[in-house]
Amino acid sequence: MNRRYRKTIIAGNWKMNNTLSQMKAFADEIRPIMPKSKACTVVLCVPATNIQAAARMFKDCHIAIGAENCHYEDHGAFTGEVTTEMIKEAGAKYVIIGHSERRMYYNETDFAINKKVIAALKTELIPIVCVGESLEQRELGVTMEHIAYQVKCAFANVPADDARKVVIAYEPIWAIGTGRTATAEQAGEVCEGIRAVIRKIYGAHVARSVTIQYGGSMNARNAAELLMQPDVDGGLIGGASLKPADFVEIINAANQE
Ligand code: PEP
């Protein structure tokens, strides 16, 4: 973390979990245990049907709301999709773009992801862009080449003033939902590499202000060590964000200096 230049952001990704009533139970449980410190920004990315209620429910505990996906067009015949404007009006401030589950199960390409980043920025939503390598790519030794390509595509045609608002989540695919976390050194090395790619495109000023999260089985036990890496500015958390006490422990780790 380096709070001098950029925000530390802990974001939960609920995926396809929690109905409205389950979300209310979560809010009732987390409200009394939410830390008072505002050192890190806390976000919950929730199913689209929950956004509007979530924005109201979590306001008093200073948790901002995000969507888990968006379309890049601003209207049209795209059954089942939602626009960035719809998400924004519902109360979201963030949107996850290019999660590996969307790349894998819905064939999302880097080109579509770039269009989504541009659409989100145009609507003044903060994109959380997910990048990460498969186990095969890591074993072949092409992790950084693959991630550099994903980062370059995500930022294509994004002006510098907007680029500094983008959050990148480094999520090794082999670590998502597997309980197998990257070591702090592996996470730190790739996050440093991502910042170097951004530096090459936009220069040092923009690069040092971009928040780069780690995601992949981050939990209450390993968060502090991962967050000690200078280029790891927070976390994108799946499983552990479904349990209020675990999520709060991760927030506490991120609030430490
Ligand atoms: C994720 O879904 O982005 C994620 C990191 O999940 P988990 O924390 O469960 O590995």
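Worth saying up front: this structure is predicted, and the values here are computed from it rather than measured.
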Mind checking side chain to side chain contact (heavy atoms under 4.5 Å, CB included) for Arg221 and listing every partner two or more places apart, or none if nothing turns up? Asn219
Is there a donor-acceptor contact under 3.5 Å from the side chain of Tyr149 to the main chain of Val151? no
If you draw a 6.0 Å radius around CD in Gln137, do more than 12 non-hydrogen atoms from other residues or ligands fall strictly inside? yes
Over 60° means perpendicular and under 30° means parallel, so tell me whether Trp14 and Phe26 are parallel, tilted or perpendicular. perpendicular
Audit row: Gln213, Asp233, side-chain contact (heavy atoms from CB on, under 4.5 Å) steps and yes/no: CA-CA 5 Å; Gln213 302 171 312; Asp233 308 310; 5.9 Å; no
Are side-chain heavy atoms of Gln150 and Asn114 found at a separation under 4.5 Å? no
Hey, are the side chains of Val197 and Lys152 touching, using non-hydrogen atoms and a 4.5 Å cut-off? yes
More than 12 heavy atoms from other groups under 6.0 Å of CD on Glu192: no
Under a 3.5 Å threshold, yes or no: a donor from one side chain and an acceptor from the other, between Ser209 and Arg6? no
Does any part of the side chain of Val46, heavy atoms only, come nearer than 4.5 Å to the side chain of Asn18, both counted from C-beta? no
Please step through side-chain contact (heavy atoms from CB on, under 4.5 Å) for the pair Met57 and Met23, ending with a clear verdict. CA-CA 9 Å; Met57 226 175 257; Met23 181 169 79; 4.0 Å; yes
Using every non-hydrogen atom in the two residues, find where Lys88 and Glu124 come nearest and quote the distance to one decimal. NZ-CB, 3.8 Å
Linked hydrophobic residues, Val167 as query - side chain contacts closer than 4.5 Å: Ile9, Val43, Tyr94, Ile96, Ile126, Ile128, Leu236
Would you call Cys153 and Ile113 a side-chain contact if the rule is heavy atoms closer than 4.5 Å? no
Without swapping roles, check the side chain of Arg195 against the backbone of Ala207 for a donor-acceptor pair under 3.5 Å. yes
If only atom types and distance count, is the side chain of Thr178 paired as donor or acceptor with the main-chain N or O of Arg180 below 3.5 Å? yes
